[in-house]
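Working notes, beginning with the structure itself.
Since the model is a prediction, treat every value here as computed from it, not as a measurement. Labels below follow one simple rule: chain letters A, B, ... track the order of the sequence lines, proteins then strands, and each chain is numbered from 1.
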Protein chains: 2
Amino acid sequence: MNATIKDVAREAKVSIATVSRVLNNSAVVTDETKQRVLDAIKKTGYKPNALARSLKIQKTHTIGLIVPDISSPFYPEVVRGIEDIASMYSYNIFLCNTDQKEEKEMNYIEILSEKQVDGIIYMGDIIRDSVKQQLKDIGIPIVLAGTEDAESEFPNVNIDNKKASYDAVKYLISLGHKKIGMISGPADDPIGGVQRTNGYKEALSEAKIRFKPSLVVEGSFKARQAYLAMLKLLENNVDAVFAASDEMAAAAINAIFDSGFSVPEDIHVIGFDNTYLSYMFRPTITTIQRPAYDIGAVSMRLMTKLLAKEPIDDMHVVLPHQLIVRESTGYGEEKK
Amino acid sequence: MNATIKDVAREAKVSIATVSRVLNNSAVVTDETKQRVLDAIKKTGYKPNALARSLKIQKTHTIGLIVPDISSPFYPEVVRGIEDIASMYSYNIFLCNTDQKEEKEMNYIEILSEKQVDGIIYMGDIIRDSVKQQLKDIGIPIVLAGTEDAESEFPNVNIDNKKASYDAVKYLISLGHKKIGMISGPADDPIGGVQRTNGYKEALSEAKIRFKPSLVVEGSFKARQAYLAMLKLLENNVDAVFAASDEMAAAAINAIFDSGFSVPEDIHVIGFDNTYLSYMFRPTITTIQRPAYDIGAVSMRLMTKLLAKEPIDDMHVVLPHQLIVRESTGYGEEKK
DNA sequence: TTGTAGGCGTTATCAA
DNA sequence: TTGATAACGCCTACAA
């Protein structure tokens, strides 16, 4: 049995109110009684019960994290960023894996709400209306990290995905390529699918290169599908490829080699995310860096402001991305 | 303001006790009153307050996770395993990153204890005495995942690290190698450093190959140091290398290539962990698979048993590891 | 079958 | 400056 505030009070021969006061070193307590209480605390080995405290003050100093899959790339870094800042502000983190499944998401949000979290940070490619509604209903601060909702109703932190893929494709064009293929994310993914494909189209159109649907193959962010997608693109004689993820880029490069061509000599490839695969793989992969850690850190910082009801200058933070040029576009050494 | 049990009681014209009963569908409640209560719950939008409940029943259905760094390889998978099983048993997870720093670890354990977690799963290469003592003091179930304490006082789930590296080195010997180098983990790491090095020594000794200290270079699990370590080993003309992690193995291969040699033609390399780097990297890397997901899942399962005070057949679970043969030892195709 | 009331461990108001 | 005491929202004997 853990000691409670009562035990301390008895030990120090004061009331529990006084103990509570020195605990929160709030009101004015005589140095003498304060010392008595401190001694009693040490003697009893008293540890405050955060549950009781939270129940009373209606705050748990805990926030929930909804994440598709902590074991897939990108998210661990984001979560690390979140946790670092949370720790800095004395918040704890509930981690919830949902595999982006509606049922799991809703179930977790429900539980988080029952556990009285002070806020929720949501991650995931797609945010369904049902989930969105539920998040609004529970009435606590929500921040979207590395994603956004269609109507921008929630505060969020992200990069400009369209601009990022525009930059990638524009770079390929600047290298003299005309037949540029793309391995995109799923079409129903508004970001990895739609936005990145739009950036690709815009770069082409700006360069007055006609868009050919046959040069865009839908992937699933998985290596295997991307490998097959690349084989299709090879049939169309592309001379450069932009893949919506590093893993897909790596798979594409493998497909290119296995087909008897080589990178960067015959075909140039650009990936997305700057995961460590992109610089450990040989050839190293030119890619777009998405600042995962920062997305997490800034999201959590935004959350702390929301929770403290501080004034917020910008509810929608756009973090800078960066094109990192490596061997797969025939330029430069690995810089890491 | 959220509705409470009182609101529901008033709405349904029953006492709060009755509401509580249907909530925990415990005692015998008339179907009719039950229905009235259910309606009232729906009407008021009542959500139970887990804090109040936990305070009363002295259980939070929450467990704490102490992890060095969720953004480094291996741990995300372990955590995924933990979370999957936790979710299955309706437990929530507090994620705590410590960078293996004593101060952070102790601080988090303190907080977890105050937040009344039902148990703690600890991960990390080294477990300090101070931390160990603290874990024992808080008096809740502890499980070590992917690690172990010197005296085996805590229940744990892990692989046999010595045997694993023994297997790796024995395989190299079976391929005819005599000058086998090793890039180990830090010497003060009882597992990645000591145990794996011991396995290396044992395999050599069994094959009557004399152990040469110059063939073991201490690494830090980081790519850069491993690269340099490999350069040293090359000066000693090794014909095979066992690295205590995939990342170090990959860095070693890069060093070998950059020195004008090739893998597997000139030198064979084996890594450790079967991270996805090991099969995406070219040449694909022969490695020891540590079942990260299973370590997590089994740890959490063990925790649920501890919490339910179920009888436990084995407090120390040793999960099987596996040698996965790939190109870096000149054998077979990537099987993934 | 249902209701009353005490208590889980705090905080905070109001007196003293 | 300190002490009673009423919440916070829930569970659970014990009565009715």
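OP1 and OP2 of C:dT4 both lie 4.0 Å or more from every side-chain N or O belonging to B:S15. At D:dG9, one or more side-chain N or O atoms of A:Q58 fall inside 4.0 Å of OP1 or OP2 (strictly under the cut-off). B:N49 has no side-chain polar atom (N or O) that falls below the 4.0 Å cut-off from OP1 or OP2 of D:dC8. For the OP1/OP2 pair of C:dG9 and a distance below 4.0 Å, the side-chain nitrogens and oxygens of A:T4 include no atom meeting the criterion. The phosphate of D:dT2 has OP1 or OP2 within less than 4.0 Å of a side-chain N or O from A:T30.
Residue A:I5 contributes atom CD1, which lies 14 Å from atom P of D:dA4 at whole-angstrom precision. Here the P atom of nucleotide C:dT10 and the NZ atom of A:K6 are 10 Å apart, to the nearest Å. Taking atom CG on B:L23 and atom C1' on D:dT12, their separation rounds to 14 Å, with Å as the unit. Computed from coordinates, the A:R36 CZ to D:dT1 C1' distance equals 12 Å when rounded to whole Å. Distance B:Q116 CD to C:dC8 P: 14 Å, rounded to the nearest Å. Between the CD atom of B:Q35 and the P atom of C:dT2 there is a distance of 13 Å, rounded to whole Å. For A:R21 and D:dT1, the CZ to P distance is 11 Å, given to the nearest whole Å. With rounding to whole Å, B:D7 atom CG is found 9 Å from D:dC10 atom P.
Contact check for B:K59 versus B:L307: no side-chain heavy atoms found under the 4.5 Å cut-off. Contact of the B:Q116 side chain with the B:S54 side chain is not registered, since no non-hydrogen atoms from C-beta on lie closer than 4.5 Å.
A:K47 comes within 4.0 angstrom of the backbone, heavy atoms only, and of no base. When heavy atoms are screened at a 4.0 angstrom cut-off, B:S54 is found touching no nucleic acid atom at all. Residue A:L51 is out of contact with every strand shown, counting any heavy-atom pair closer than 4.0 Å. Within 4.0 Å of B:S20, counting heavy atoms only, lies at least one base atom of the nucleic acid. At a threshold of 4.0 angstrom between heavy atoms, the contacts of A:L55 include nucleobase atoms, whether or not backbone atoms are also involved.
For B:A17 and B:A52, each mapped to the nucleotide of DNA chain D holding its nearest heavy atom, the one lying further toward the 5' end belongs to B:A52.
If you run side-chain contact (heavy atoms from CB on, under 4.5 Å) between B:Y46 and each of B:I5, B:V37, B:D7, only B:I5 comes through.
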As a quick check of understanding, evaluate salt bridge (Lys or Arg N to Asp or Glu O under 4.0 Å) for A:R80 and B:D99, giving each step before the final call.
CA-CA 11 Å; A:R80 182 52 145 106; B:D99 291 318; 2.2 Å; yes
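The base of D:dA7 is paired with the side chain of A:K56 by a donor and an acceptor separated by under 3.5 Å.
Note on A:K136 versus A:D129: no salt bridge recorded, every NZ/NE/NH1/NH2 to OD/OE distance being 4.0 Å or above.
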